[in-house]
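Order of the sequence lines sets the chain letters (A, B, ...), proteins ahead of strands, with each chain counted from 1.
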Amino acid sequence: MKKQRRCIIAKQKNQRNEIVEKVVSLAKRRGFVFQSSEIYGGLNGCWDYGPLGVELLKNIKEEWWKFMTYREDVEGQDASILMHPRVWEASGHVENFTDPMVDCKQCKSRFRLDVLGEAINDAKKEKIIASFIEEVKGSEKESLVMSIIALDIPLNEKFEKILENSKVSFDLLAHISCPNCGTNNSFTEPRKFNLMFKTFVGPVESEDNIVYLRPETAQGIFVNFLNVQVASRQKLPFGIAQIGKAFRNEINTKNFLFRTREFEQMEMQYFVKPEDDVKFYKYWKEARIEWFKSLGMSPDKLRFHDHPKEKLAHYAKDATDIEYLFPFGWGEIEGIHNRTDFDLSRHEEYSGKSMKYFDEETREKITPYIIETSAGASRSFMAFLIDAYEEEEVNDETRVVLRFHPRLAPIKAAIFPLVNRDGMPETARKIEADLRPFMRVFYDSKGAIGRRYRRQDEAGTPYCITVDTQTLSDNTVTVRERDSMEQYRIEIDKLLMHLLEKFR
RNA sequence: GCGGGAAUAGCUCAGUGGUAGAGCCUCACGUUGCCAACGUGAUUGUCGCGGGUUCAAGUCCCGUUUCCCGCUCCA
């Protein structure tokens, strides 16, 4: 009975997330994505890209790079992952990229402060606050707490405000018992948990030589703003683009590649005159969502999520996410922000070096505004992979096919001899050799032809070239299309140009 | 971080204390002439990891890791 119920629950959950599980399974089987350090039990939230995965990822990055930098007004760069620690003070990451945490001294459990509040029901909260007020009666802490209680907000928000106020937080904590072991008065003082990975430069592990693994590539662009501008003789407006890994010590990882501690970003920071910020914010917003659509991502699974003004980050004047409808819900795959002059001003302040741009026309120095487009390469990878996944019934069999845009497909063409004799393999091998310098191809002569087609469907290969009996007499081959499964004949001499045309 | 579930062959999963299995995949040979065909054979496992109970543990107990779901988080 119990087991039966378990099975039903498992099935329901399985159904809800069926697609992700199937894709994860396919990803492993066909060599797109493996779990990191799998033979040692895996490492939480880390994934490796296999032979097909690395091709897909590379193609996504290449398409992005071409789209973003093969234009007059955008330059590329590649900044190092380790940067001067002051960069992260200027950016606000040392101060703000944190969550306050407490530990239970009894059972050693760790809680984030705001989560601790969530675990307590309203009646208990009333009680805790009451006994807390009793304790601090007459002190200035009491008036502070009373002023919070007087606010016209729900009880849980009042509680949270008290809990997160550094002056009274620890006193309130003394009245809360540990949700894990139930011990009273056992919490440490709240301390901040920084989401940046720390490491040390040089052999000595001391406070003096801490450096961080960058939590975003953006800062590497900001600090090089004038270097790039001068070297490339660019004038406003212009952008700097970079693709690279970034690291965040997330408390939780989740949903396959969606939230990981190591991920790759594709960022372009566009520097504009302050009065042009709205214009270019709109321009890049449209340009970026079009990019995803142009590579075949379902338009009905893409949307903007504009951030409400009151929820904007400290640096932003405007912000939107491009979201993709994953099987687990809408998720951000790219952020477009108007970062104003915050970043350049801060770096000017912290470095003591001018970050200003000299405008020849008006003869004045200005601090440009920055329009940021920040796409997740890993998240895009997952979105493209899931979006491409399809199952269909063909002759009472399930056909699994990855409908990648041809430019993203890991393998561009597969070449088969219809049967493995009568000169067909030789001809097929020659075609393979002719195509290989121009695209990633795959040769297969094993098993039935239908099976070989289906194998390529699963890898997302858009075209299969088959050498058959007719080839030997008239030098034509069949081209079989992945999506329609239809075939047409083409002369071998025209094959290369024909395929290249498809990938343009 | 809390709560719930899961972990057995490359994949999907069966196996309620007594010899570790099936289907698919992969590989070889034969057959085959355009959509996961057929035949024969072969490879593949410290049953996630570590303890404990037991004559005996994939199975029971404890711990742990990883994945999934919900909450939470996502400056």
Side-chain angles (χ1 to χ4, degrees), chain A residues 3 5-18 20-22 24-31 34-47 88 91-99 101-104 109-119 178-180 192-196 215-216 248 250-256 258-259 311-316 319 321 327-328 331-332 335 376 394-401 416-422 424 446-458 464 466-470 478 480 482 485-487:
Chain A
K3 179 161 185 179
R5 222 184 122 220
R6 249 187 236 158
C7 281
I8 291 163
I9 292 164
K11 261 181 195 157
Q12 285 169 343
K13 281 176 179 167
N14 199 37
Q15 248 165 10
R16 209 179 312 163
N17 219 35
E18 199 180 9
V20 175
E21 283 181 18
K22 280 181 176 171
V24 172
S25 165
L26 175 70
K28 180 178 181 183
R29 185 158 45 82
R30 294 307 306 259
F34 309 120
Q35 203 188 353
S36 165
S37 319
E38 192 188 9
I39 61 169
Y40 289 101
L43 182 63
N44 187 287
C46 293
W47 302 87
W88 307 111
S91 71
H93 284 84
V94 171
E95 186 189 357
N96 293 328
F97 205 50
T98 55
D99 286 313
M101 311 276 294
V102 291
D103 289 347
C104 171
S109 301
R110 173 167 295 175
F111 304 94
R112 233 186 35 234
L113 215 48
D114 51 333
V115 174
L116 200 57
E118 297 290 324
C178 171
N180 187 42
K192 290 193 167 182
F193 173 80
N194 197 285
L195 269 62
M196 285 195 290
E216 62 178 27
R248 293 181 190 183
E250 300 284 355
I251 294 171
N252 290 327
T253 60
K254 213 182 170 176
N255 289 327
F256 194 37
F258 189 77
R259 169 150 306 124
K311 283 203 165 181
L312 291 175
H314 57 277
Y315 54 74
D321 294 338
F328 50 81
E332 178 192 354
V394 178
N395 303 330
D396 295 328
E397 296 270 1
T398 303
R399 181 170 88 113
V400 173
V401 53
F416 309 143
L418 184 60
V419 288
N420 208 14
R421 55 159 200 266
D422 299 341
M424 290 182 207
K446 306 285 169 55
I449 190 74
R451 176 177 298 267
R452 283 180 264 165
Y453 285 145
R454 296 302 171 82
R455 262 200 290 250
Q456 292 308 310
D457 290 340
E458 231 182 30
C464 292
T466 302
V467 172
D468 57 15
T469 318
Q470 193 180 328
T478 64
R480 181 261 195 187
R482 175 195 64 201
M485 298 197 296
E486 281 169 8
Q487 290 174 279

Would you measure the distance from the [atom1] atom in [N] across to the matching atom in [M] and give it in whole Å?
| N | M | atom1 | value |
| --- | --- | --- | --- |
| B/C24 | B/C38 | P | 8 Å |
| B/U12 | B/G58 | P | 22 Å |
| B/G23 | B/G33 | C1' | 28 Å |
| B/C49 | B/G39 | C1' | 43 Å |
| B/G5 | B/C74 | C1' | 24 Å |
| B/A7 | B/A14 | C1' | 15 Å |
| B/G17 | B/C11 | C1' | 29 Å |
| B/A28 | B/G70 | C1' | 49 Å |

Name the pairing partner of [N], where a pair is Watson-Crick or G-U wobble with both distances under 3.5 Å, or state none.
| N | value |
| --- | --- |
| B/C73 | none |
| B/C24 | B/G10 |
| B/U16 | none |
| B/C67 | B/G5 |
| B/G58 | none |
| B/G39 | B/C29 |
| B/C47 | none |
| B/U53 | none |

I need the [atom1]-[atom2] distance between [X] and [N], as an integer number of Å.
| X | N | atom1 | atom2 | result |
| --- | --- | --- | --- | --- |
| A/K28 | B/U66 | NZ | C1' | 12 Å |
| A/N255 | B/G70 | CG | C1' | 11 Å |
| A/E38 | B/U65 | CD | P | 18 Å |
| A/E21 | B/A7 | CD | P | 12 Å |
| A/R30 | B/U12 | CZ | P | 15 Å |
| A/L26 | B/G10 | CG | P | 17 Å |
| A/Q35 | B/C68 | CD | P | 8 Å |
| A/N44 | B/U64 | CG | C1' | 14 Å |

ask   = What pair of heavy atoms forms the shortest contact from A/D321 to A/G335, and how long is it?
value = OD1-CA, 4.1 Å
task = Kindly give the heavy-atom pair with the smallest separation between A/R399 and A/D457, and that separation in Å.
result = NH1-OD2, 2.8 Å
To the nearest 0.5 Å, tell me how far [X] [atom1] sits from [Y] [atom2].
| X | Y | atom1 | atom2 | result |
| --- | --- | --- | --- | --- |
| A/E216 | A/M196 | CD | CE | 10.0 Å |
| A/L43 | A/Q35 | CG | CD | 8.5 Å |
| A/R248 | A/R259 | CZ | CZ | 9.0 Å |
| A/T478 | A/F416 | OG1 | CZ | 9.5 Å |
| A/R454 | A/E458 | CZ | CD | 10.5 Å |

Touch class at under 4.0 angstrom, heavy-atom based, for A/E216 against every strand present = base
ask   = So what does A/G31 hit on the nucleic acid, given a heavy-atom distance under 4.0 Å: a base, only sugar-phosphate, or nothing?
value = nothing
request  = Could you run through nucleotides 42-51 of chain B and give me one letter per nucleotide, 5' to 3': B if any protein heavy atom sits under 4.0 Å from the base, S if only the sugar-phosphate is that close, - if neither?
outcome  = ----------
request  = Heavy atoms under 4.0 Å is the rule here; annotate nucleotides 22-37 of chain B 5' to 3' with B where the base is hit, S where only the sugar-phosphate is, and - elsewhere.
outcome  = ---SS-S---BBBBBB
query = Taking the six-membered ring for Trp, are A/F328 and A/F258 parallel (under 30°), tilted (30 to 60°) or perpendicular (over 60°)?
reply = perpendicular
inquiry  = Taking the side chain as everything from C-beta on, heavy atoms only, tell me whether A/K446 gets closer than 4.5 Å to A/R451.
reply    = no
query = With a 4.5 Å heavy-atom cut-off, do A/R452 and A/R480 have their side chains touching?
reply = no
task = Take A/Y40 and A/S25, find for each the nucleotide of RNA chain B with the closest heavy atom, and name the residue whose nucleotide sits nearer the 5' end.
result = A/S25
message = Checking the side chain of A/D468 only, and the main-chain atoms of A/Q470 only, is there a donor and an acceptor separated by less than 3.5 Å?
response = yes
